[in-house]
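Worksheet: one structure, shown below.
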Protein chains: 2
Amino acid sequence: MYTIGEVSKMFNLPISTLRYYDKEGLLNDVDRDSSGIRKFNDKTIEALRVIECLKKSGMQIKEIKEFMHWCTMGDKTLLKRKEMFIRQKEHIEQEIKELENALEMIKYKCWYYDEAIKDGNEKRVKNITPKQMPDHIKKYFEHTHK
Amino acid sequence: MYTIGEVSKMFNLPISTLRYYDKEGLLNDVDRDSSGIRKFNDKTIEALRVIECLKKSGMQIKEIKEFMHWCTMGDKTLLKRKEMFIRQKEHIEQEIKELENALEMIKYKCWYYDEAIKDGNEKRVKNITPKQMPDHIKKYFEHTHK
DNA sequence: TCTTGACCTAAAGTTAGGTTTATGTATTAA
DNA sequence: TTAATACATAAACCTAACTTTAGGTCAAGA
C-alpha cells in the first residue's frame with residue numbers, strides 16, 4: 001500500500017494530477033483508510049503504468065476512463081479492450097512515422113546551417129540542388145521538400 | 001502566388017489557422033494585394049513546411065515565431081538557428097524513443113487480450129510469468145512492467 | 001500544547017492553440 | 001440587380017488537462 005505522496009514520487013507525477021485522475025475515474029475506486037486518506041495498491045500502480053502509456057499513444061482522459069471502466073466489467077469486454085489496444089498500436093505507429101519524417105527535415109536543416117556557418121552566409125548552400133548534396137542529405141531533402 | 005484558400009487546401013490546414021499563424025507572426029509579413037487580400041509566395045510555403053515540422057517536433061508557437069524572426073535578421077543568427085535545430089533533433093529523437101517504449105507495452109497488451117479471448121477469460125494469461133511468455137512478448141513485457 | 005507535514009475537498013484559474021461569430025468588402029455568374 | 005463566393009477584421013469563445021487556492025483534518029515530534 002502506498003500513499004499519494006509515494007506514488008507521486010514513483011511516477012514523477014504531481015499529487016494534484018493523481019487526485020485529478022482519481023476524480024475523473026481513471027483509477028477505479030481507490031481504497032481509503034478510516035480518515036479518508038487514499039491507499040494505492042498494486043492494481044492502481046499497474047493502472048497508472050497503462051495510463052501513462054495510453055496517454056503517450058495520444059489517448060484522451062475520457063477515453064482512458066472508458067477503457068478503465070471496461071476493465072471492471074469482466075470478460076464480456078475483452079474484445080473491446082483488445083480492439084482498443086490495436087487501434088492505439090496503429091495510432092502510435094503512424095505517429096512514429098510522422099516524427100521520423102519531421103526528423104529528416106530537421107537533419108537536413110542541421111546540415112544546411114552547418115554549411116552556411118562554414119561559409120559565413122547562406123548564399124551558397126541556398127542554391128545547392130539535390131544532385132549536389134551528399135547522398136545521406138539528399139535523402140532527407142527529397143522526403144520533405146517536394 | 002497563392003490565395004489563403006489555395007494554401008489551406010495544399011496543407012490541409014483551416015483558413016482560420018493560417019490567419020492565426022499570420023497574426024502570431026509565424027509567417028513574416030505576408031504580401032497583400034491592393035484590396036488587402038493575402039498573396040502567399042514560395043517563401044511562405046517553405047515557412048509553412050518548416051512550421052509543420054517544428055510543431056511536430058514539439059515546439060510551441062511562440063518559439064517558432066522567435067525562430068522565424070531570427071530568419072529575417074541575417075547571418076548573425078545562423079548559429080542560433082543551427083543550435084535550435086540541433087535541440088529539436090534531440091527532442092524528437094527522445095520522443096521517438098518514448099513512443100517506441102509505449103508501443104512495446106501496447107504490443108504486450110495486444111498479445112495479452114488475444115490469449116484472454118482464446119480462453120474466454122483472463123485467468124490463465126494473468127498468471128503467465130515472463131519465463132513462460134514467447135520470446136518476442138517477453139521482450140515487450142520486461143521493458144515496461146518493472 | 002503547539003507546530004509541522006502530509007493528507008483532504010470543492011471550486012476557481014490557467015494555458016496553448018486554435019475556432020467561431022459578427023460584420024464588412026470585392027468580384028463574378030445568372 | 002441580385003446572389004453567391006472568397007476574402008477581410010476584431011473579439012469572443014472553446015477545450016483539454018491540469019494547477020492553484022482557500023479552507024480543513026489528523027498524527028507525530030519538540
Side-chain angles (χ1 to χ4, degrees), chain A residues 1-27 29-41 44-45 47-69 88 91 95 98 102, chain B residues 1-27 29-41 44-45 47-69 88 91 95 98 102:
Chain A
M1 293 285 192
Y2 316 90
T3 66
I4 199 167
E6 287 161 352
V7 176
S8 164
K9 275 165 203 151
M10 284 169 60
F11 283 86
N12 210 13
L13 280 176
I15 288 176
S16 61
T17 302
L18 292 170
R19 289 207 266 249
Y20 166 70
Y21 287 172
D22 186 14
K23 196 176 56 164
E24 291 300 300
L26 269 63
L27 305 178
D29 55 337
V30 175
D31 298 336
R32 305 283 183 126
D33 73 8
S34 59
S35 57
I37 287 174
R38 288 176 184 83
K39 294 294 166 187
F40 293 84
N41 59 33
T44 325
I45 301 300
L48 277 168
R49 262 202 291 266
V50 175
I51 289 167
E52 295 234 291
C53 157
L54 291 177
K55 264 171 52 69
K56 198 88 210 174
S57 83
M59 201 175 236
Q60 279 164 248
I61 296 297
K62 63 181 170 191
E63 296 174 286
I64 299 178
K65 171 193 181 143
E66 194 180 16
F67 168 75
M68 289 301 171
H69 181 57
Q88 288 320 110
H91 189 280
E95 183 67 15
E98 289 173 17
Chain B
M1 292 285 193
Y2 316 91
T3 65
I4 200 167
E6 286 162 352
V7 176
S8 162
K9 275 164 204 153
M10 285 169 62
F11 283 86
N12 210 12
L13 280 176
I15 288 178
S16 61
T17 301
L18 292 169
R19 289 207 264 249
Y20 166 72
Y21 287 172
D22 186 15
K23 195 176 57 162
E24 290 302 299
L26 268 63
L27 305 179
D29 54 337
V30 174
D31 298 335
R32 305 283 183 126
D33 74 7
S34 59
S35 57
I37 287 174
R38 289 176 185 83
K39 293 293 165 188
F40 294 84
N41 59 31
T44 326
I45 302 300
L48 277 167
R49 263 203 290 268
V50 175
I51 289 166
E52 294 234 290
C53 157
L54 292 178
K55 265 170 52 69
K56 199 86 209 175
S57 81
M59 202 175 235
Q60 279 163 248
I61 296 296
K62 62 182 170 191
E63 297 174 284
I64 298 178
K65 172 196 179 140
E66 194 180 17
F67 168 74
M68 291 300 173
H69 182 57
Q88 287 322 107
H91 189 281
E95 184 68 14
E98 287 172 20

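Quick note on labels: first sequence line is chain A, next is B, and so on, each numbered from 1.
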Next item on the list: Take nucleotides 15-29 of chain C nucleotide by nucleotide from the 5' end and write B, S or -, depending on whether a protein heavy atom sits under 4.0 Å from the base, only from the sugar-phosphate, or from neither.
Entry: -SBBBB-----S---
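As a whole-Å value, the separation of A:Leu18 CG from D:dA17 P is 16 Å. Rounded to an integer number of Å, the gap from A:Glu66 CD to D:dA16 P is 14 Å. Taking atom CZ of B:Arg19 as the reference point, atom P of D:dA6 lies 12 Å away to the nearest angstrom. Per the geometry, CD1 belonging to A:Ile64 stands 13 Å off P belonging to D:dA16, to the nearest Å. Going from atom CD1 of B:Ile15 over to atom C1' of D:dA6 covers 8 Å, rounded to whole Å. Taking atom NZ of A:Lys65 as the reference point, atom P of D:dA16 lies 13 Å away to the nearest angstrom. Atom CZ of B:Arg32 and atom C1' of D:dA8 are 8 Å apart (whole Å). Regarding A:Glu6, its CD atom lies at a distance of 11 Å from the P atom of C:dA6, rounded to whole Å.
To the nearest 0.5 Å, atoms NZ (B:Lys23) and CG (B:Leu18) are separated by 13.5 Å.
At a threshold of 4.5 Å between non-hydrogen side-chain atoms, the residues A:Leu27 and A:Leu48 count as touching. B:Met59 places none of its side-chain heavy atoms less than 4.5 Å from the side chain of B:Ile51. At least one side-chain heavy atom of A:Val50 sits less than 4.5 Å from a side-chain heavy atom of A:Met68.
A salt bridge links A:Lys56 with B:Glu95: at least one charged nitrogen is closer than 4.0 Å to a carboxylate oxygen.
Across every non-hydrogen atom of B:Ala102 and A:Cys53, the tightest pair is O-SG, 3.6 Å. Smallest separation of non-hydrogen atoms from B:Ile45 and B:Phe11: O-CZ, 3.5 Å.
Summary of helix geometry: the two end axes of the helix from C:dT1-D:dA30 to C:dA30-D:dT1, each defined by five base pairs via their C1' atoms, are inclined to each other by 10° (rounded to 10°).
A donor-acceptor pair under 3.5 Å links the side-chain atoms of B:Glu6 to the main chain of B:Thr3, judged by distance alone.
Each of A:Asp22, A:Asp33, A:Asp31 was checked for a salt bridge (Lys or Arg N to Asp or Glu O under 4.0 Å) with A:Arg38, and the lone residue meeting it is A:Asp22.
An OP1 or OP2 oxygen of C:dC7 is reached within less than 4.0 angstrom by no side-chain nitrogen or oxygen of A:Arg38.
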